[in-house]
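Beneath this line is the structure, given in structure tokens, with notes to follow.
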Amino acid sequence: MLAALAIPTVILTAWMIVKKYQTHTTLILSGMFMLTLGIVFTQAGVADVISAKYGFKDTGAAFFDIFKAFDVIMSQRTATIGMVAMTAAGFSTYMTRIGAADSLVKACSKPLEALNKPYLVLAVAYLIGQALNIVISSPAGLAMLLLVSVYPILVRAGVSPLSAAAAIGTTGALDLGPGSGNANVAAETLGLPIAEYFATKQLLVAIPVAIIVAATHYFVQQWFDKREGEELGEYLEGEKREFKSAPAFYAFLPFAPIALLLMFSSIGIPSIKMNAPTAMYVALIATIFIDAVRNKSIQTALDNGMSFFKGMANAFSSIVVLIVAATMFTLGLNAIGAIDALKEMVLGGDVHYILITIFAMLIIGLTSILTGSGNAAFFSFANLGPELAGAAGVKTILMLLPMQFMAGFCRSLSPVSAVIIAVSAASNVSPFGVLKRTAIPMAVGIVSTLIITQFVF
């Protein structure tokens, strides 16, 4: 059976990525390989397996159609979800450049100093970090900011360096908001505007899950510290950097795109439609004017504004091409009948949709742990959500949202993820020591996500 070839192909692809073969090109070549097999053995054309939304028109030669498929996928994905990812990354880069991100983190860390219970401070710090991840979309970037501001507070309060690093290393686990690549892919897969997906889907599950994870950190880190007798560490002054100087009101600027998206949507003013890139551009221009007044220099403000486009360029090579590569990989799975085979299992009643959901989550989770990237994992398998949910006759959100959150949770369980490496190095602790502390909170988060999603939707 041709579909069975998906198993060794997926295993080989995962092995190559683990062995540090370039992720983007590995996924693209694997997808092309499976697409070629599908065309050769089924006599089907690329047009028969590629989605109609790509507007594919054959070249007249099956061999060249394979490359044409990559072309149309690149064009369509860059113009849609790719543009969202690029503008979100650009805006985040710009907020960091002008000091707005630093002002936000510094403002949010102040309430922690008023608490005098070490592990309560830890739990609240996790919740603050997870909330900040809505506007600071890079988990590693957010962690570095929290290491400057929150980490010293936690250690001075009486929390061990390992516990502090574990909490900070998991703050981006839920991948919330319009700046998250995974959230945007999920929204597009569901056919929803990102603001609607964030406000009416993500938050309904994320809020209780975040509280549960924070409570788990409270008990787990306290237990570990008592059991291991962890001595309190001192913050490494040599690694500490100063916050960029910026007015306090700059802390509100990162929220501007989210405010615009929520204001002009089906849950706000429905007569005006605004997508994520438009919101980012409006916020960018408005902030450039504010920055010009603050610096009393138009030239400085415009120079700072250029960081937006540099951030977009970086996102194209790292995020957008990965989205295209993952789409090509999924197209290959579809060409050899692997997705249809899974759908038949569901339709045949052989496997309950919950078990299929767990299976899809495990694939994403394993990929995320092996690669250290939640994006690579979710982008590759997101399209399975609607396919399998349709076959099972259930709402797509029941499968897709747990799949999306799984990618972020398992990124915090990977020894090769940027965020774990960053918090371990800055805290001067072992990455595996941190992972031992993140395992239980992340496992609890995964289970609670699956359960709460079934009840909410």
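The shown structure was predicted, so the numbers you read here are calculated from the model rather than taken from an experiment.
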Next on the checklist: Between Phe457 and Val205, is the side-chain contact (heavy atoms from CB on, under 4.5 Å) condition met? List the steps.
Outcome noted: CA-CA 9 Å; Phe457 302 109; Val205 176; 3.6 Å; yes
To the nearest 0.5 Å, what is the distance between [atom1] ([X]) and [atom2] ([Y])?
{"X": "Ile451", "Y": "Ile446", "atom1": "CD1", "atom2": "CD1", "answer": "12.0 Å"}
{"X": "Lys201", "Y": "Lys395", "atom1": "NZ", "atom2": "NZ", "answer": "7.0 Å"}
{"X": "Gln130", "Y": "Leu174", "atom1": "CD", "atom2": "CG", "answer": "4.0 Å"}
{"X": "Ser297", "Y": "Leu302", "atom1": "OG", "atom2": "CG", "answer": "8.0 Å"}
{"X": "Glu196", "Y": "Leu190", "atom1": "CD", "atom2": "CG", "answer": "10.0 Å"}
{"X": "Met95", "Y": "Asn304", "atom1": "CE", "atom2": "CG", "answer": "10.0 Å"}

Item to check | Residues, nucleotides or ligands: over 12 heavy atoms within 6.0 Å of Ile298 CD1 | outcome: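 Atom CD1 in Ile298 is not crowded, with 12 or fewer foreign heavy atoms closer than 6.0 Å.
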Item to check | Over 12 foreign heavy atoms within 6.0 Å of CZ, Phe289 | outcome: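 Open: at most 12 neighbouring heavy atoms sit under 6.0 Å from CZ of Phe289.
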Closest approach of [X] and [Y], non-hydrogen atoms and distance?
{"X": "Leu203", "Y": "Pro208", "result": "O-CD, 4.2 Å"}
{"X": "Pro139", "Y": "Val419", "result": "O-CG2, 3.7 Å"}
{"X": "Asp175", "Y": "Ala183", "result": "O-CB, 3.7 Å"}
{"X": "Ala279", "Y": "Leu261", "result": "CB-CG, 3.8 Å"}
{"X": "Asn182", "Y": "Ala407", "result": "ND2-CB, 3.8 Å"}
{"X": "Ala251", "Y": "Pro254", "result": "O-CD, 3.4 Å"}

Backbone N/O of [Y] and side chain of [X]: donor-acceptor pair under 3.5 Å:
{"X": "Ser317", "Y": "Asn314", "answer": "yes"}
{"X": "Arg411", "Y": "Met406", "answer": "no"}
{"X": "Ser92", "Y": "Ala89", "answer": "no"}
{"X": "Asp291", "Y": "Thr287", "answer": "no"}
{"X": "Ser417", "Y": "Ser412", "answer": "no"}

State, yes or no, whether a side-chain contact exists between [X] and [Y] at a heavy-atom distance under 4.5 Å.
{"X": "Met361", "Y": "Met399", "answer": "no"}
{"X": "Leu176", "Y": "Phe405", "answer": "yes"}
{"X": "Met263", "Y": "Met274", "answer": "no"}
{"X": "Leu104", "Y": "Phe255", "answer": "yes"}
{"X": "Tyr197", "Y": "Asn184", "answer": "no"}
{"X": "Leu146", "Y": "Tyr151", "answer": "no"}
{"X": "Leu413", "Y": "Ile420", "answer": "no"}
{"X": "Phe329", "Y": "Ile28", "answer": "no"}

Checklist entry - Does Arg294 make a cation-pi contact with Phe249, if we ask for NZ or CZ under 6.0 Å from the ring centre and within 45° of the axis? => result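 Not satisfied by the 6.0 Å and 45° rule.
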Anything under 3.5 Å between a donor and an acceptor, one on a side chain of residues 211-222, the other on a protein residue two or more places apart or in another chain? List them.
from: Thr216; atom 1: OG1; to: Ile212; atom 2: O; distance (Å): 2.8
from: His217; atom 1: ND1; to: Gln221; atom 2: NE2; distance (Å): 3.1
from: His217; atom 1: NE2; to: Thr170; atom 2: OG1; distance (Å): 3.0
from: Gln221; atom 1: OE1; to: Arg437; atom 2: NH1; distance (Å): 3.4
from: Gln221; atom 1: NE2; to: Arg437; atom 2: O; distance (Å): 2.9

Between [X] and [Y]: side-chain donor-acceptor atoms closer than 3.5 Å:
{"X": "Asp303", "Y": "Thr300", "answer": "no"}
{"X": "Asp225", "Y": "Tyr119", "answer": "yes"}
{"X": "Thr171", "Y": "Asn133", "answer": "no"}
{"X": "Thr93", "Y": "Thr96", "answer": "no"}

Checklist entry - Would Tyr94 and Phe309 satisfy side-chain contact (heavy atoms from CB on, under 4.5 Å), going step by step from the backbone distance to the final call? => result CA-CA 9 Å; Tyr94 176 56; Phe309 302 103; over 6 Å; no
Item to check | Chi angles and distances behind the side-chain contact (heavy atoms from CB on, under 4.5 Å) call for Leu398, Gln454 | outcome: CA-CA 6 Å; Leu398 292 174; Gln454 309 310 310; 3.7 Å; yes
Item to check | Audit row: Thr13, Thr26, side-chain contact (heavy atoms from CB on, under 4.5 Å) steps and yes/no | outcome: CA-CA 7 Å; Thr13 302; Thr26 297; 3.8 Å; yes
